[in-house]
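Both backbone and side-chain heavy atoms feed into the values below; hydrogens, waters and symmetry mates do not.
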Amino acid sequence: MKARTYLLGLIATLSLQGNAIVNTTAGSLKSTLSQDQLSASTLQIEGKIDAADLEFLGGLTTLTNLDLTRATIVEYDGQRLTSGAVHSDANRIPDYAFLGSTITSISLPTSLEAIGEGAFAGSKLTSINIAASINYIGEYVFSDCSELETANIGTPDIPKGSFRACSKLRSIGVSTTLSSVGDDAFAGCSSLDAFSFYENVATIGHDAFSGTALRMVDLSRCKQMTTIGDRAFADCTSLTSVYLPSSLTSIGKGVFFDNVALEGITLPAGITEIPDLLFKGAFNVSERTIAAMTDITTIGDYAFMDLTAIANWKVPEGLVYIGTGAMEGMTGLEEINASRVSAVPELGENVWAGVDQSSVLLIAPENLEEEFAEAPQWKEFNLLRNSGVDDIENDLATTGNVEFYIEGNTLHIVAATDINNVALYDITGHAIATLLGVNSATTSIDLTGTQPGILIITVETADNKTTTAKFVYKG
């Protein structure tokens, strides 16, 4: 009789080290749990359960620890679930089953194969382990889990929004087979400071890591990757270094938008178009980084906006277009060397808004000087004309309040007031000599070893005037 009662009861509860151990059959969990079990903080479920049972567990407001390792999820066909579905496959946690749940930890069934969309979104989970045997997880599965700190994911794909806005997530372990990181996957994970990009990663979606605390991004091993989604690493204010794969041929808009700590990055040769907003607000991006972009043909809208660390820019030989506001706010700009272009690049609107163009030296090819001098926006620069080249090999040349003459291999500079700084370049913009803090009305530069050709000299004097001259050095 006692054995019969046990079998018909469908559920038996034992107490083992403070845990409520529940043995059940599919669909019966809600009706057979005792009042004590309904208010328990820890449950260990054994036997068969279905989608309705899982949704019921997700709604228990006192439950914090759930062990399903000995449970088996069976197929469900019945009343509508939270997702609106009336069917759920076996070995699958249904969509939104634990949406907003109070559980802080869960041990998943060993036979589990899939986890549905938003299954744990907004829950109080502090950690999660997704075994490699689980072959599918849905979008937004752990999004907005405000207490989630650690996660291990064995699946080859991390879908859209999987961990979006998990602000305490600081550690994520991924499989070496990981191939894709979906849109918004880690967006807003403001405590996540490291991520392993293994060689199989081929796709990084839009906003995938935006707003994270990543310090370095190394994609150099990802040889299957050809593009990166829009804003993928935008607003990563701690990001200082990025290493891109040589296979990359395009990059999304605003990928490094407002990355204020970013200094060094080299774009692969396959990238010829700079997209809109690429480095907007990343004001520490170095002059060396921009100088290395020798193969680009177009620069998108606001791409270099507020890059205040750039003083000298060599215009790439094949550049044909610079977009609206592309160099807005580049207040450190001193010289643009366009000597290698074959045509005057077309411009969008207000390309150099906020820049005092009259104080920026523009070097143009001799055959294009007049075109640059007449072109809208370009004509606002201080164009250095070849017609103004001085021959100072044997004569004294005077420009403004500064005089120049060559004696042997020495270039002499004489000013009416004290000289602060002097910079000497060749026609391609290569620095030959720099003198800082001269504090004298006279100084000189040794030209030994300097190749013959047109040289450009800029002299800053104590009266806050800058004098620029171009002359032929015959060697």
With a 4.0 Å cut-off, would you call Arg70 and Glu46 a salt bridge?
yes

Run the side-chain hydrogen bond (donor to acceptor under 3.5 Å, both in side chains) test against Ser250 and tell me which residues pass, sequence neighbours left out.
Thr227

Please examine the side chains of Leu148 and Thr126, heavy atoms only from C-beta on, and report whether any two atoms are closer than 4.5 Å.
no

Could you tell me whether the side chain of Leu219 reaches within less than 4.5 Å of the side chain of Val201, counting heavy atoms only?
no

Just wondering, are more than 12 heavy atoms of other shown residues or ligands nearer than 6.0 Å to CD in Glu199?
no

Any donor-acceptor N/O pair, Glu55 side chain to Thr82 backbone, under 3.5 Å
yes

If I compare all heavy atoms of Ala234 with all of Gly254, which pair ends up nearest, and what's the gap?
CB-O, 3.5 Å

Would you confirm whether Thr102, through its side chain, and Leu60, through its main-chain N or O, come within 3.5 Å as a donor-acceptor pair?
yes

Which value, rounded to the nearest 0.5 Å, describes the distance between Phe142 atom CZ and Ile130 atom CD1?
4.0 Å

Any non-hydrogen side-chain atom of Leu81 less than 4.5 Å from a side-chain atom of Val86?
no

Drop me the distance from Leu277's CG to Phe256's CZ, to the nearest 0.5 angstrom.
13.5 Å

Would you find a donor on one side and an acceptor on the other, under 3.5 Å apart, between the side chain of Glu371 and the backbone of Ala343?
no

Indicate yes or no: at least one non-hydrogen side-chain atom of Thr203 is less than 4.5 angstrom from one of Met225.
no

Within a radius of less than 6.0 Å around CD of Glu75, do more than 12 heavy atoms belonging to other residues, nucleotides or ligands occur?
yes

Within the 4.5 Å heavy-atom criterion, are Ile456 and Thr468 side-chain neighbours or not?
yes

Here the gap from Ile115 atom CD1 to Asn135 atom CG, rounded to the nearest 0.5 Å, amounts to 10.5 Å

Okay, side chain of Thr289, backbone of Glu263: is any donor-acceptor separation there less than 3.5 Å?
yes

Parallel, tilted or perpendicular, judged at 30° and 60°: which one describes the rings of Phe98 and Phe120?
parallel

So if I apply the side chain to side chain contact (heavy atoms under 4.5 Å, CB included) rule between Leu267 and each of Ile274, Thr294, Thr272, which one comes out positive?
Ile274

Heavy-atom count around Asn464 CG within 6.0 Å, excluding the residue itself: above 12?
no

Between Lys379 and Glu374, does at least one N-O distance fall below 4.0 Å, as a salt bridge requires?
no

Tell me whether the centres of the aromatic rings in Phe381 and Trp352 are closer together than 6.0 Å.
yes

Working note: Lys30 + Asp53, criterion salt bridge (Lys or Arg N to Asp or Glu O under 4.0 Å); need CA distance, chi angles, decisive distance, verdict.
CA-CA 7 Å; Lys30 179 178 180 180; Asp53 293 324; over 6 Å; no

Looking only at heavy atoms, the pair that brings Val174 and Tyr198 closest together is O-CE1, 3.7 Å

For the pair Lys253 and Asp230, evaluate salt bridge (Lys or Arg N to Asp or Glu O under 4.0 Å) and give the outcome as yes or no after the intermediate values.
CA-CA 5 Å; Lys253 297 178 181 179; Asp230 296 347; 5.8 Å; no

Apply salt bridge (Lys or Arg N to Asp or Glu O under 4.0 Å) to Arg215 and Asp193, showing your working.
CA-CA 6 Å; Arg215 297 190 299 267; Asp193 61 6; 2.8 Å; yes

Search all heavy atoms of Pro365 against all heavy atoms of Ala338 and return the closest pair with its distance.
CD-O, 3.1 Å

Report the C-alpha separation of Glu273 and Ile296 in whole Å, then their side-chain angles, then the decisive distance to 0.1 Å, and conclude whether the side-chain contact (heavy atoms from CB on, under 4.5 Å) test is met.
CA-CA 5 Å; Glu273 297 182 1; Ile296 58 175; over 6 Å; no

Is it true that a side-chain atom of Thr64 and a backbone atom of Ser41 form a donor plus acceptor pair closer than 3.5 Å?
yes

Under 3.5 Å, is there a donor on one side chain and an acceptor on the other for Glu117 and Tyr96?
yes

Can a side-chain donor-acceptor contact be found between Ser180 and Asp157 if the only test is distance below 3.5 angstrom?
yes

Closer than 3.5 angstrom, by distance alone: can the side chain of Glu113 be matched with the main-chain N or O of Ser133 as a donor-acceptor pair?
no

Determine whether Asp258 and Thr237 make a side-chain contact, defined as any pair of heavy atoms from C-beta on separated by less than 4.5 Å.
no

Any side-chain donor-acceptor pair under 3.5 Å between Ser105 and Asn65?
yes

Check the pair Arg170 / Glu149 against salt bridge (Lys or Arg N to Asp or Glu O under 4.0 Å), numbers first and verdict last.
CA-CA 6 Å; Arg170 54 182 172 77; Glu149 295 184 2; 3.5 Å; yes

Distance-minimising heavy-atom pair for Leu436 and Asn421
CA-OD1, 3.3 Å

Under a 4.5 Å cut-off applied to non-hydrogen side-chain atoms, are Lys223 and Ser246 in contact?
yes

Relative to the ring of Phe186, is the ring of Phe209 parallel (under 30°), tilted (30 to 60°) or perpendicular (over 60°)?
parallel

Please walk me through it: do Ile265 and Tyr243 pass side-chain contact (heavy atoms from CB on, under 4.5 Å)?
CA-CA 6 Å; Ile265 178 174; Tyr243 303 92; over 6 Å; no

Closest approach of Met327 and Val355, non-hydrogen atoms and distance?
O-CG2, 3.8 Å

Counting only heavy atoms from other residues, nucleotides and ligands, does the tally under 6.0 Å from CD of Glu147 exceed 12?
yes

Using modelled atom types and a 3.5 Å cut-off, is there a donor and acceptor pairing between side-chain atoms of Gln37 and backbone atoms of Ser34?
yes

Is there a donor-acceptor contact under 3.5 Å from the side chain of His87 to the main chain of Tyr76?
yes

Main-chain N/O of Ala282 paired to Asn259 side chain as donor or acceptor, under 3.5 Å
no

For Thr331 against Gly354, the heavy-atom pair lying closest together
CG2-O, 3.7 Å

4.5 Å side-chain heavy-atom contact, Leu43 and Asp67:
no

Flag, side chain of Ser241 to backbone of Met216, donor-acceptor distance under 3.5 Å:
no

Interatomic distance, Leu192 atom CG to Leu169 atom CG [nearest 0.5 angstrom]:
5.5 Å

Go through Asn382 and Val360 one step at a time and tell me if the side-chain contact (heavy atoms from CB on, under 4.5 Å) criterion holds.
CA-CA 6 Å; Asn382 177 18; Val360 178; over 6 Å; no

List the steps and the verdict of side-chain contact (heavy atoms from CB on, under 4.5 Å) for His206 and Arg231.
CA-CA 6 Å; His206 303 320; Arg231 303 171 305 279; 4.3 Å; yes

